[in-house]
Amino acid sequence: MVQLIIGNKGDGKTKHLLDRVNSQIKTASGNIVYLDKSTKHMHELNNKVRLINVTDYPLKNSDEFIGFLCGIISQDYDLEQVYLDSFLKIAHLEHGDLTDALTQLNQISEQFKVDFCISISVEEKELPDFAKEQVLISC
């Protein structure tokens, strides 16, 4: 399952994402990973959540980012949930179309039984039609 937290920059999407991950860790039976553009939120995350600063890795485009995610999934059979903050930045999609990346995430989620929760700085009207059904919170 892929769920989206959407809104404009500065609308509080990260707070919703952090609250969600910290509440989910209490009942999760597997591992949880949180990908971000920095380690700024390290102390706001439960210490059982694995924080990965994506900018530490030499990713150049969204295809490389998807490969990076697949690598994370392949090394942890107990991975249950992945949280992606600042999705447009970490996936190198600031000026690109979200359709392909979100389609791939849906396929990966279904194939490997990993749930994704993603914060994206967009308005609902900018999302592909299929993704509008995946909106969890609109800030």
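As the structure is a prediction and not an experimental result, all values here were calculated from the model.
Residues L18 and H41 are in side-chain contact: their nearest non-hydrogen atoms beyond the backbone lie under 4.5 Å apart. Using a 4.5 Å heavy-atom threshold, the side chains of I52 and D36 count as separate. Looking at heavy atoms from C-beta onward, L69 lies out of side-chain contact with V114 at the 4.5 angstrom threshold. You'll find the side chain of K13 stays beyond 4.5 Å of the side chain of D85, heavy atoms only. Side chains of I5 and C117 form a contact here, defined as non-hydrogen atoms less than 4.5 Å apart. Residues L51 and V33 are not in side-chain contact: their nearest non-hydrogen atoms beyond the backbone lie 4.5 Å or more apart. Under the 4.5 Å side-chain criterion, counting only non-hydrogen atoms from C-beta, L98 is in contact with L88. Contact check for F130 versus T103: side-chain heavy atoms found under the 4.5 Å cut-off.
Under a 4.0 Å N-O distance rule, the pair K15/D19 qualifies as a salt bridge.
A continuous path of ILVMFWY side-chain contacts below 4.5 Å connects F116 to V54, so both sit in one hydrophobic cluster. Tracing side-chain contacts under 4.5 Å through hydrophobic residues (I, L, V, M, F, W, Y), one reaches I32 starting from L136; they form part of the same cluster. Both F65 and I73 belong to a single network of hydrophobic side chains, linked directly or stepwise wherever heavy atoms of I, L, V, M, F, W or Y lie under 4.5 Å apart. Under the 4.5 Å side-chain heavy-atom criterion for grouping Ile, Leu, Val, Met, Phe, Trp and Tyr, V135 is not connected to V21 through any hydrophobic cluster. Taken together through direct or relayed side-chain contacts under 4.5 Å among Ile, Leu, Val, Met, Phe, Trp and Tyr, M42 and Y57 form parts of separate hydrophobic clusters.
Between the CD1 atom in I66 and the CG atom in D100 there is a gap of 8.0 Å [rounded to 0.5 Å]. Here the CD-CD1 distance, from Q134 to I6, works out to 11.0 Å after rounding to the nearest 0.5 Å. Between atom OG of residue S119 and atom CD1 of residue I90 there is a gap of 7.5 Å, rounded to the nearest 0.5 Å. Interatomic distance, I118 CD1 to F87 CZ, rounded to the nearest 0.5 Å: 5.0 Å.
A donor-acceptor pair under 3.5 Å is formed between the side chain of E64 and the backbone N or O of K60. N46 places a side-chain N or O within 3.5 Å of a backbone atom of K48 that can act as its donor or acceptor partner. Put simply, the side chain of D115 never gets that close to the backbone of Q81: no donor and acceptor are under 3.5 Å apart. Within the 3.5 Å criterion, the main-chain N or O of Q107 finds no donor-acceptor partner in the side chain of E110. Side chain of D78 to backbone of G30: no donor-acceptor contact under 3.5 angstrom is found. In terms of modelled atom types and a separation under 3.5 Å, the side chain of N106 and the main chain of L102 share a donor-acceptor contact. Of the possible polar contacts, one joining the E80 side chain to the S29 backbone as a donor-acceptor pair under 3.5 Å is found. Side-chain atoms of Q111 do not come within 3.5 Å of backbone N or O of I108 as any donor-acceptor pair. Looking at S109, its side chain does come within 3.5 Å of a backbone N or O of M1 through a donor-acceptor pair.
What you find for E94 and K89 is that their closest heavy atoms are OE2-CA, 3.6 Å. Here the shortest heavy-atom pairing between H92 and S62 reads CB-N, 4.0 Å. For the pair D97 and L93, the tightest heavy-atom approach, listed with the atom from each and the gap, is O-CD2, 3.7 Å.
A parallel orientation is assigned to the rings of Y83 and Y34, their planes being inclined by less than 30° (bins at 30° and 60°).
A side chain to side chain contact (heavy atoms under 4.5 Å, CB included) with L84 is found for exactly one of L4, L17, L35, V2, namely L35.
Applying the salt bridge (charged side-chain N to carboxylate O under 4.0 Å, His left out) criterion to K37, with sequence neighbours excluded, gives no partner residue.
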Can Y77 and F112 be said to form a side-chain contact (heavy atoms from CB on, under 4.5 Å), step by step? CA-CA 9 Å; Y77 291 112; F112 298 106; over 6 Å; no

